[in-house]
Amino acid sequence: MRSPKDFFRPLAVGAPEPVREIPVRPSRMIHFFPASNPKMVGKVPDMAAKVDVLLANLEDGVPASDKEAARSGLVDVGKAWSAEGTQLWTRVNSLDSPWGLDDLTTAVTEVGEALDVIMIPKVEGPEDIHYVDRLLAQLEAKVGLTEPLLVHAILETARGVANVEEICAASPRMQGLSLGPADLAANRRMKTTRVGGGHPGYLVRQDPDAEDDDAPRATYQQDLWHYTVARMVDACVANGILPYYGPFGDIKDTTACEDQFRNAYLLGCVGAWSLHPVQIDIAKKVFSPDPDDVAHAQRVIEAMGDGTGAVMLDGKMEDDASVKQCHVILSLAQELAADDPELADLYGFAGKGA
Ligand SMILES: CC(=O)SCCNC(=O)CCNC(=O)[C@H](O)C(C)(C)COP(=O)(O)OP(=O)(O)OC[C@H]1O[C@@H](n2cnc3c(N)ncnc32)[C@H](O)[C@@H]1OP(=O)(O)O
Ligand SMILES: O=CC(=O)O
Ligand SMILES: [Mg+2]
């Protein structure tokens with residue numbers, strides 16, 4: 001383990017100073033597009049205007065025969081990048097793949113200036129992040145980058161989940177974690193065949209009626225991802241980085257997508273992946289606080305004065321702890337509204353300075 005004194009020193013001579021805080025920027029949706037597909041690359045300026053984060057995907061979803069084309073697509077996108085206020089990320093191939101090293105080298109040396117975050121899939125432990133950390137520092141020094149690239153890890157193996165706290169704490173570059181439910185399900189040998197979401201067989205059933213053996217018994221489908229998302233949120237918050245839900249593969253089922261995203265939002269996630277244009281507005285809606293919740297938070301904060309003690313509001317007790325929750329909602333609303341006049345209007349902040 002590095003000494004705390006060395007933790008914020010660059011890992012290569014000439015590399016930029018590591019960041020001490022993860023910058024607060026909207027990232028409600030990380031919008032994926034296959035960087036190998038020229039039609040999608042052509043849509044980048046249009047997509048960039050609609051999303052918080054645009055991600056050029058080089059990994060799963062891109063056929064093996066198109067890996068070089070995807071890398072070139074990333075370079076084209078990065079060199080032409082001029083979208084103000086939108087972040088550009090890339091997901092490279094895994095560290096044990098034939099493409100991971102060239103992906104990282106090309107991304108940093110060709111378009112490091114344009115990139116904000118590099119997503120690393122299938123991270124198993126802190127050793128993976130240590131490897132990436134040093135390599136990025138060497139590459140940044142080589143091309144003279146002045147800002148360090150940040151790293152986002154996907155949690156998609158059982159070993160990764162077991163080591164989640166160490167992964168989050170492995171480098172000051174760590175920006176956040178996403179749940180990777182598809183690979184995680186395969187690695188855990190779960191008996192599902194879906195990309196995220198629930199399963200009708202994972203349920204609890206109402207007890208039998210004591211007087212009527214034949215009475216129907218309600219069943220309640222359960223969330224397969226509750227444990228992992230909750231664990232991921234705790235590990236991220238404990239280390240000052242950001243948690244995200246990952247992909248929801250049933251593109252047509254926009255209702256269930258919204259439900260899955262909302263579960264993640266309520267548990268503490270700041271965003272999710274969008275795989276198709278229909279998922280962009282779902283993520284935007286779910287990961288922006290509801291205007292009624294923002295209005296309620298403002299009322300509680302006002303009623304609580306200096307934020308200590310207990311008051312009754314609409315028949316409910318509010319105190320030091322509930323006012324802190326209200327501050328979480330209000331701060332998020334203010335951060336998002338600062339970049340979005342429509343949202344500012346919806347929250348009633350326009351012209352009032354919130
Ligand atoms: C488990 C994981 O690793 S998840 C991450 C890996 N997977 C991905 O990144 C998948 C990303 N998404 C996609 O590649 C596509 O959405 C697909 C292949 C799933 C579906 O694509 P299509 O069959 O073209 O969908 P559909 O016909 O509904 O598309 C409608 C329009 O939206 C466009 N579109 C679809 N997906 C995207 C996208 N991710 N970004 C931008 N535009 C898109 C299509 O090009 C099409 O445009 P057009 O009207 O100009 O022809
Ligand atoms: O990469 C994402 C996943 O779900 O696997
Ligand atoms: Mg995966």
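For ligands, and for the atoms within them, numbers begin at 1 and follow the listed sequence.
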Chemist: Is it true that atom NE2 of H226 has more than 12 heavy atoms of other residues, nucleotides or ligands lying nearer than 6.0 Å?
Modeler: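 12 or below, so no.
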Chemist: Heavy atom under 4.0 Å from ligand 2: found in F32's side chain, backbone, both, or neither?
Modeler: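 None of F32 does.
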Chemist: Taking 4.0 angstrom as the limit and counting only heavy atoms of W273, give me the atoms of ligand 2 inside it, by number and element.
Modeler: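 So the answer, numbered in order with elements, is 1 (O), 2 (C).
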Chemist: Can you see which heavy atom on V75 is nearest to which on T106, and at what distance?
Modeler: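 Heavy-atom minimum between the residues: CG2-CG2, 3.5 Å.
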Chemist: Please check whether V195 reaches ligand 1 - meaning an N/O of the residue sits under 3.5 Å from an N/O of the ligand, judged on distance alone.
Modeler: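 No; the residue has no nitrogen or oxygen that sits under 3.5 Å from a nitrogen or oxygen of the ligand.
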Chemist: Side chains of R28 and S274: donor-acceptor distance under 3.5 Å anywhere?
Modeler: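 No, no side-chain donor-acceptor contact under 3.5 Å.
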Chemist: Report yes or no: does R91 have a heavy atom closer than 4.0 Å to ligand 2?
Modeler: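 Per 4.0 Å heavy-atom rule, R91 contacts ligand 2.
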Chemist: Measure from the ring center of H152 to the ring center of Y244 and say whether it is less than 6.0 Å.
Modeler: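 They qualify: ring centres under 6.0 Å apart.
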Chemist: Numbering the atoms of ligand 1 from 1, which are under 4.0 Å from a heavy atom of H276?
Modeler: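 By the 4.0 Å cutoff, the relevant atoms are 16 (O), 25 (O), 26 (P), 28 (O), 29 (O), 30 (C), 35 (C), 36 (N).
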Chemist: Heavy-atom count around D212 CG within 6.0 Å, excluding the residue itself: above 12?
Modeler: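 Atom CG in D212 is crowded, with more than 12 foreign heavy atoms closer than 6.0 Å.
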Chemist: With atoms numbered from 1 as shown, which atoms in ligand 1 lie under 4.0 angstrom from a non-hydrogen atom of M47?
Modeler: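 Heavy-atom distances to M47 below 4.0 Å select 40 (N), 41 (C).
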Chemist: Can you tell me the protein heavy atom closest to atom 4 (O) of ligand 2 and the distance?
Modeler: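 The answer is A182 N, 2.8 Å.
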Chemist: Is R231 salt-bridged to D234, going by a charged N under 4.0 Å from an acidic O?
Modeler: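 Salt bridge between R231 and D234, a charged N being under 4.0 Å from a carboxylate O: no.
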Chemist: What N, O or S atom of D183 is found closest to the Mg ion (ligand 3)?
Modeler: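 Atom name of the closest N, O or S in D183: OD2.
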Chemist: Which is it for E59 and ligand 1 at heavy atoms under 4.0 Å: side chain, backbone, both or neither?
Modeler: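 No part of E59 comes within reach of ligand 1.
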Chemist: Who gets closest to atom 2 (C) of ligand 2 by heavy atom: E156, K122, M119?
Modeler: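 When every heavy atom of E156, K122, M119 is considered, E156 comes closest to atom 2 (C) of ligand 2.
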Chemist: Which atoms from ligand 1 have a heavy atom of D60 less than 4.0 Å away?
Modeler: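 Contacts of ligand 1 toward D60, numbered from 1: 6 (C).
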Chemist: Heavy-atom contacts under 4.0 Å between P121 and ligand 2: side chain, backbone, both, or neither?
Modeler: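 Neither part.
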Chemist: When you compare ligand 2 with P181, is there at least one nitrogen or oxygen pair between them that comes in under 3.5 angstrom?
Modeler: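 It does: an N or O of P181 is found under 3.5 Å from an N or O of ligand 2.
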Chemist: With atoms numbered from 1 as shown, which atoms in ligand 2 lie under 4.0 angstrom from a non-hydrogen atom of D183?
Modeler: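 In order of numbering, the contacting atoms are 3 (C), 4 (O), 5 (O).
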Chemist: Please check if a non-hydrogen protein atom sits closer than 4.0 Å to atom 3 (O) of ligand 1.
Modeler: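 Under the 4.0 Å cut-off, atom 3 (O) of ligand 1 does have protein heavy-atom neighbours.
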Chemist: What protein heavy atom is closest to atom 51 (O) of ligand 1, reported as residue, atom name and distance in Å?
Modeler: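 Sorting protein heavy atoms by distance from atom 51 (O) of ligand 1 puts K39 NZ, 2.6 Å first.
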Chemist: Quick one: does G246 get within less than 4.0 Å of ligand 2, heavy atoms only?
Modeler: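 Distance cut 4.0 Å: G246 fails for ligand 2.
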Chemist: When clusters are formed by joining ILVMFWY residues with side-chain heavy atoms under 4.5 Å apart, either directly or through shared neighbours, do V161 and I120 land in the same one?
Modeler: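 V161 and I120: one cluster.
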Chemist: Return a yes/no value for H31: is any of its N or O atoms, backbone included, closer than 3.5 angstrom to an N or O of ligand 1?
Modeler: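 There is such a contact, yes.
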Chemist: Quick check on Q221: does its CD atom have over 12 non-hydrogen neighbours (other residues, nucleotides or ligands) under 6.0 Å away?
Modeler: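 Enclosed.
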Chemist: Any ion pair linking R173 and E17 (charged N to carboxylate O, less than 4.0 Å)?
Modeler: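 No, no charged N to carboxylate O under 4.0 Å.
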Chemist: Identify whether V237 and W225 are in the same connected component of the hydrophobic contact network (ILVMFWY, side-chain heavy atoms under 4.5 Å).
Modeler: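 The answer is yes; both residues are in one hydrophobic cluster.
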Chemist: Measuring to protein heavy atoms, does anything land under 4.0 Å from atom 48 (P) of ligand 1?
Modeler: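 It does: a protein heavy atom is found less than 4.0 Å away from atom 48 (P) of ligand 1.
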Chemist: Taking the six-membered ring of F8, is NZ or CZ of R20 closer than 6.0 Å to its centre and within 45° of its axis?
Modeler: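 Geometry flag: set, cation within 6.0 Å and 45°.
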Chemist: Write out the residue and atom name of the closest protein heavy atom to atom 45 (O) of ligand 1, then the distance separating them to 0.1 Å.
Modeler: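 For atom 45 (O) of ligand 1, the nearest protein heavy atom comes out as K43 NZ, 3.3 Å.
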Chemist: Decide, yes or no, whether a salt bridge links R71 with D103 under the criterion of side-chain N to carboxylate O below 4.0 Å.
Modeler: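 Looking at D103 together with R71, the answer is yes, because their closest N to O distance falls below 4.0 Å.
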Chemist: Answer yes or no for atom 27 (O) of ligand 1: protein heavy atom present at a distance under 4.0 Å?
Modeler: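 For atom 27 (O) of ligand 1 the answer is no, since every protein heavy atom stays at 4.0 Å or beyond.
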Chemist: Check each atom of ligand 1 against the heavy atoms of N57 and keep those under 4.0 Å away; list them by number with element.
Modeler: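 Close to N57: 6 (C), 9 (O).
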Chemist: Going by the atom numbers of ligand 1, which of them fall below 4.0 Å from some non-hydrogen atom of R91?
Modeler: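 Counting from 1, the qualifying ligand atoms are 3 (O), 5 (C), 6 (C).
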Chemist: So, of the N/O/S atoms that E156 has, which is the nearest one to the Mg ion (ligand 3)?
Modeler: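 Of the nitrogen, oxygen and sulfur atoms in E156, the Mg ion (ligand 3) lies nearest to OE1.
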Chemist: Inspect the contact between D116 and R25 and indicate whether a charged nitrogen and a carboxylate oxygen are less than 4.0 angstrom apart.
Modeler: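 Yes, this pair counts.
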Chemist: Hey, is L275 touching ligand 1 through its side chain, its backbone, both or neither, going by heavy atoms under 4.0 Å?
Modeler: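 The answer is both, backbone and side chain.
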Chemist: Please check if any side-chain donor atom of S322 sits under 3.5 Å from a side-chain acceptor atom of E318, or the reverse.
Modeler: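 E318 and S322 do have a side-chain donor-acceptor pair below 3.5 Å.
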Chemist: Any side-chain donor-acceptor pair under 3.5 Å between D133 and S171?
Modeler: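 Yes, S171 and D133 have a side-chain donor paired with an acceptor closer than 3.5 Å.
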Chemist: Can you report which non-hydrogen protein atom sits closest to atom 34 (N) of ligand 1, along with the distance?
Modeler: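 It is P277 CD, 3.6 Å.
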Chemist: So do W81 and V44 actually touch side chain to side chain, heavy atoms under 4.5 Å?
Modeler: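 Result yes, sub-4.5 Å side-chain heavy-atom pair found.
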Chemist: Is atom 23 (O) of ligand 1 in close reach of the protein, with a heavy atom under 4.0 Å away?
Modeler: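 For atom 23 (O) of ligand 1 the answer is no, since every protein heavy atom stays at 4.0 Å or beyond.
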Chemist: Going by a strict under-4.0 Å cutoff (protein heavy atoms only), does atom 17 (C) of ligand 1 have a neighbour on the protein?
Modeler: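 Neighbour list for atom 17 (C) of ligand 1 is empty of protein heavy atoms (cut-off 4.0 Å).
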